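Structure, as structure tokens:
Note that this is a predicted model, so its numbers are computed, not measured.
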Amino acid sequence: MSADKKSLKAEGVAPSQNTPLLGNEQSSNVDVTKHADEFSFLSPHDAQILRDQVDVPEVKAGFSSMFRYVTPTDTALLIIGLFTGILEGCAKPLMTLIFGQLTQLFTDYYRYNPYDNDIFFNGTYTDSFFNGTFFNGTSYNETNSWYPFNSTEYGFDYYQDFIANYISPDEFQRRVNYLVLFFVYLAIADVILSYIQMYIFIDRGEVLSSRIRSNYLKATLKQNIAYFDRLGSGEVTTRISSDTLLIQDAMSEKVGFIVSNVTTFVGAFVVGFVRSYKLTFIMMSVALFIIATFFISSGKMTKYYKLALGGVSIGGTLAEEVLSSVRNVQAFGIQDRLSVKYDAFLAISEKYAIKAGLAAGVMTGTMWLGVFSNDSLAFWQGSRFLARDELSVSAVIAILMVMVQGTYAIANISPHVRSITNGVAAAGKIFQTIDRQSVIDSSLESGKKLDTVKGDIELCDVRFIYPSRPNVTVLDHYNLKIKAGQTVALVGASGSGKSTIVGLLERFYKPLDGEVTLDGVNIDELNIRWLRSQIALVSQEPSLFSCSVFDNVAHGLIGTPYENVTPTEKYDLIVEACKQANAWDFINSLPEGIHTNVGERGFLMSGGQKQRIAIARAIVGNPKILLLDEATSALDTKSEGVVQEALDRASKNRTTVVIAHRLSTIKDADCIVVMRKGTILEMGTHNELLAKKGDYYELVETQKIHQQKEELIAELQSHTHEVSSSEDSSLSVSSVDEKASYDAENEKTADTDKLLSLHKTRTGNSVSSLSLSTGEIEDASGQYGFFETIGFIVGLATPEIRFNIVGGFFSGILGLSYPALGLFYGRCIEAFRSYPQDREFLLHEIDIFAGLFFMLSVVAFMSAIISLSMFAYAGQKLVRRIRLMTLRQMLRMDISFFDRDENTTGSLTSTLSRDAQAVDGLSGTTLGQILSSMMIVVSSVTLSVIVSWNLGLVCSACVPLLLFAGFYRFYILAKFNRKNQSSHMASAAYACEASSSIRTVAALTREDDVMQHFNEDLDLLIVSNRPATHYSAFLYGVAQGAIYFIMALSFWYGSRFLRTREYTLFQFYVTLMAVVFGAQSAGIMFSYAPDMGKAYQATQNIKKLLEITPVIDTWSKEGAVPQDVQGEVEFKNVHFRYPTRPQVPVLRGLNMKIKPGQFVALVGSSGCGKSTTIGLMERFYSPLSGHILLDGHDVSSFNINEYRKQIALVSQEPTLYAGSIRENVELGCCEPVTEEQIIAACKQANIHDFIMSLPDGYATLCGSKGALLSGGQKQRIAIARALIRQPKILLLDEATSALDSESEKIVQAALDAAAEGRTTISVAHRLSTIQKADVIFVFEHGKILEFGTHQELLNNKSKYYELVQMQALEASA
């Protein structure tokens, strides 16, 4: 724990610090889009252009703004829902009129009764129930006779009054039966009206929130790219999966509750003014007090919840970064450090959410203060009007009841207001994006569309600065002219501005000065989508989408003349494009051929396969302009040659701009432009630049490329048939994906049969053990019982048990206030019996109980504030803990967990946000209300049975029916939430994928295509939800109407006991009030059934996840600690298949031995198992059979964390995190590092000079996923991060692929130096980087085909010789 605390101090983000995404927390605004004006030092012209690209306007969202997407149909339905809600809300005020008439009837029946020995005249009163002990009867001059007399004090003839008002028992029963029928009518109407309004509001809430989701994603996709340099895709996921649910909650059943309760409140005043404007005016003071408190508190709640949501959304971006690079996270063992950073954002959210909870507690407490003060005031003032004969008993009771119902309605609103304020706060965040006007809006139809495109491109005096890095001028008065049909290559060091030119041609950014023209027309004047449809882009890091290979390639047809061709023609175009990109052979070997799903971001494909699919996508639409940003960087040497020829063919008759570090790919270009720091150093053809012997000549010498590749290929003519047949075979094999392909040749040798039989034996156990970590838990998820689930969440909340106990105690006190209310109420009704005979006693009795009512209001006020504040504090602590535990558990999981389709980055980020949010929905105000309602039900039923057991039992028997309806509704909603969880996760993951690949989506003009699929998913979700909505609404209606049925039963059945004098009025009204309020509380409790259902399902999800113990467990303390590691590595007969594709063999008996300190290279075709070997070395997976040894010990015997400390990994695609360069380098080391160590590592990686050239040096922010740095810069920082670790084993998976020639030479030298004294294993496609390796292992079919030094393998003239010749290295190399 102490280490964690130190880590928290070291890594945590204090509220006053400047954080990478958060900005200055002292500004009390945690919105990611809020920034200080960092452009102030620029000229007003420059500052405005940059500011326009990143600024997000503040949007003041209100409740009505959430309904901005209503259609006439929606409006009509909402009006019906509103109208039925209003009618349903009128039921309670109307009920009070019936209640008042019945009370008048009961008091009259008891007052004018010749058999009542409890009534004494001349101002006397006692009764048998209290046995005359409550008041001293003698003090009232008691006489023991009922016979008629003349009252001189009140001046009326009692005998005449008795004759006029006497009610016989039969007449009494007849009148009761007549009035009770009105309760039945109200009940039936309430069931129907409640059902209609609830169904409409829930259904329209789903529909309208789906439109908000759709419009948010649509608005996100049309934003200019600079906007995304500051916005993480994790935030998009959080907004769609979590914030839109808050909006939906605020627009659905909560609106129905509020409409009904507001109507009850207004109707109460209408009825009150009709019966007595004086008493109603007096009681208005309390109502106005409640309303004023309501608005003040809700304003505070909205403010704090908005700030709390900001912290959660930014934390979601960090979580998305971390989860999307989980291999890197586990390799460096930085799970806890990144979790602490995530927790820092949760701490900010927690702080404001607790403040919002305190505001909710004050608001709710004030409501209860008003409710019971209303009773006090009504009885106190009403008794005086009654004594002065200004009002009847029925009028006083009706006004009292109606005002109680009115204030009670406002009190019931308060928990739902939290949902409204949450929704409004979330809407403000979402509408900021929706309302933002993108300066480069791809959705606009305006702009020119040229009839014909030749392809002339010109950059005239262009000056450019990235809005995210305003201190650095990237292009400085840049001029370049590219003629139609030319192939122009851009070369130069990383950060020289090459990729920036691609971004400007695609109109991703706006230049500060100058213009970019196409065929002489400024591209700013062209229609953006049309422009991008004329351009095909293949990026350095290819982005594929989670669909089939066919669909991925078909995306390249969007916006082209071929978009709407017949399916057959489209298929032919796609097949031809795949063949041209050298992808067709490996595609055919996939399990489902061209219809095989490539996985999230193409993770089921190897790097070379992804790149070839991306190239096919680029050329399928026959674009006029082709942009190749390191298009072949991820290919092996053999594939590169074929693909390069395909690209050369594709470049014919179209303008092509090539960005290349590997100069062998561009020597045939019509013009080569050499750049440095945003300016052109020299330009010309390959031969012209060589003749100049300038910068380009030095680059060529560095890479040692032959002048003429064709001459070297000619040397292979003697091997043509052998190579070609071998090529066909190896291409087929090279296309076998390490994770997703079949064995193309289906070898049936005896050795293979033996191997497969071994697989059946060993794989069965291994795969089942891998599946056990999730499969059994998934099956068991339905077996979690109710009490088991509740016990689990209570266990999680244990650290705040004291706060929950205090909160529960005061919720109980608040719940007991209703039985107390029933007792006081019964005494006051009993006192009304003395009117008009004993007015003095009436006033004296009411004064006492009015005081007790006020005392009760103060107790309820304090109890509510303490209870809800405690629950808010404990609830937010729990939510923070759940989010942190969930992220830590996710980062603990096996890598195979992340390979499964359902565990995409988007869905996991969505789960992280949604499940904790659901638990949050059942804490604070809601939990307090539920607990107090439970106490009311139990205590009220108990009291009613004690006071009048038979009446109490009959009436209380109805409460379980209410509870059953509520529980059944809860059950249906819980089942419904389980069913739709996967749908929500899928749509959120889809949105996350689109936003995280925004450059690819924009370049392909896929915005409409993305929206079409997203909207189809949402429409399907809405339709599938409707049956559950019907059930839920009907059961809600039954629960609402049941209250009136219970009142009808209570009055009808109770009147039978009153008719025969078996019970007194006191007993009847105590029982009635207890049962009615108990029933109402049961109904209120289950109005939270949707929240309870979501929280219940979320708790089961959390329990299911947290109970998984991965096979390779980074939390485990077991295993030996490697001692005095020498670095000897050996693979002994290792067989491996990926758990997600157990039918596909990847490694088939790998044997390999690496001596300590050796520099070893792994080469081979794409998909042959090289990267898999690296993954097994890192213990991302366990082999199905065989052994991997370190210094003679099986690596599985080591403690996983201690083992990984000996290894450093530099991946093919560098991973950086939001934060400074210094923080990213520090992540490489498990122990604290000095500034000198950081600088030394960066110097070794050739990045120090670049860092020092930045205005903020090592404090420079990298942006989300390192977006503010170029590929080469990111890779060098990743190398520095590996070197600072001082590993015994260095794993390089294409570590220099993203570097330019100049940097590569220095970095390679640094890596060579770093390899001294440690074992280095390098996966390489670029063979020039591994010529000096001690041993080169050539992979094929998941085995070692040959191994030896560079020269030895050349002499063999086998597979390696072929690869070298294909890459056209110098013969001497």
Donor-acceptor under 3.5 Å ([X] side chain, [Y] main chain):
X      : Y      : answer
Thr280 : Gly272 : yes
Ser857 : Phe854 : yes
Thr364 : Gly361 : no
Ser940 : Val937 : no
Arg388 : Leu386 : no
Glu253 : Ile202 : no

- Task: Using the side chain to side chain contact (heavy atoms under 4.5 Å, CB included) rule, take Glu830 and Thr1064 through it: C-alpha gap first, then chi angles, then the decisive distance, then the call.
- Result: CA-CA 8 Å; Glu830 191 75 41; Thr1064 63; 4.2 Å; yes
Show the nearest heavy-atom pair for residues [X] and [Y], with the distance to one decimal.
X      : Y      : result
Cys90  : Thr263 : SG-CG2, 3.7 Å
Ile865 : Gly365 : CG1-CA, 4.2 Å
Gly370 : Val286 : O-CG1, 3.2 Å
Met301 : Ala359 : CG-CB, 3.7 Å
Gly267 : Val402 : O-CG2, 4.5 Å
Ala850 : Ser376 : O-OG, 2.7 Å

Do the non-hydrogen side-chain atoms of [X] and [Y] ever get within less than 4.5 Å of each other?
X       : Y       : answer
Met198  : Phe257  : yes
Val184  : Phe1045 : yes
Tyr1063 : Arg1056 : no
Leu823  : Leu943  : yes
Ser944  : Leu951  : no
Thr1071 : Phe1057 : no
Phe172  : Ser1055 : yes
Asp389  : Arg839  : yes

- Task: Could you walk me through whether Ile196 and Ile192 pass the side chain to side chain contact (heavy atoms under 4.5 Å, CB included) test, one step at a time?
- Result: CA-CA 6 Å; Ile196 293 173; Ile192 296 171; 3.9 Å; yes
- Item | Pair Phe379 and Phe849, ring centroids less than 6.0 Å apart | no
- Query: Who are the side-chain contact (heavy atoms from CB on, under 4.5 Å) partners of Thr293, not counting sequence neighbours?
  - Reply: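 Result, side-chain contact (heavy atoms from CB on, under 4.5 Å) vs Thr293: Phe289, Ser297, Thr366.
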Does [X], at its [atom1] atom, have more than 12 non-hydrogen atoms belonging to other residues, nucleotides or ligands within less than 6.0 Å?
X      : atom1 : answer
Phe67  : CZ    : yes
Phe63  : CZ    : yes
Tyr178 : OH    : no

- Message: I'd like to know whether Trp1052 forms a side chain to side chain contact (heavy atoms under 4.5 Å, CB included) with Leu181, so could you lay out the CA-CA distance, the side-chain angles of the two residues, the decisive distance to 0.1 Å, and finally the verdict.
- Response: CA-CA 9 Å; Trp1052 175 79; Leu181 280 176; over 6 Å; no
- Glu88-Ser260 side chain donor-acceptor pair, cut-off 3.5 Å: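 Yes.
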- Pair listing, salt bridge (charged side-chain N to carboxylate O under 4.0 Å, His left out) test, anchored in residues 364-387, at least two apart: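 Of all non-adjacent pairs touching residues 364-387, those that pass salt bridge (charged side-chain N to carboxylate O under 4.0 Å, His left out) are Arg384-Asp847.
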- Query: Thinking salt bridges, do Arg174 and Glu171 make one under a 4.0 Å N-O criterion?
  - Reply: yes
- Query: Would you call the rings of Phe273 and Phe281 parallel, tilted or perpendicular, where under 30° means parallel and over 60° means perpendicular?
  - Reply: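 Perpendicular, since the angle between the ring planes exceeds 60°.
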- Task: Please state whether the rings of Tyr195 and Tyr199 are parallel, tilted or perpendicular, taking 30° and 60° as the class boundaries.
- Result: parallel
- Does Phe1051 have any ring-ring contact (aromatic ring centres under 6.0 Å, His included) partners at least two apart in sequence or in another chain, and if so, which?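 Residues passing ring-ring contact (aromatic ring centres under 6.0 Å, His included) with Phe1051: Phe99, Phe106, Phe183, Phe1068.
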- Message: With ring pair (Phe, Tyr, Trp, His ring centres under 6.0 Å) as the test, pick out the partner of Phe853 among Phe824, Phe372, Trp380.
- Response: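 Among Phe824, Phe372, Trp380, the one that satisfies the ring pair (Phe, Tyr, Trp, His ring centres under 6.0 Å) with Phe853 is Phe824.
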- Steps toward side chain to side chain contact (heavy atoms under 4.5 Å, CB included) verdict (Asp170, Arg1059): CA-CA 8 Å; Asp170 291 340; Arg1059 177 186 179 187; 2.3 Å; yes
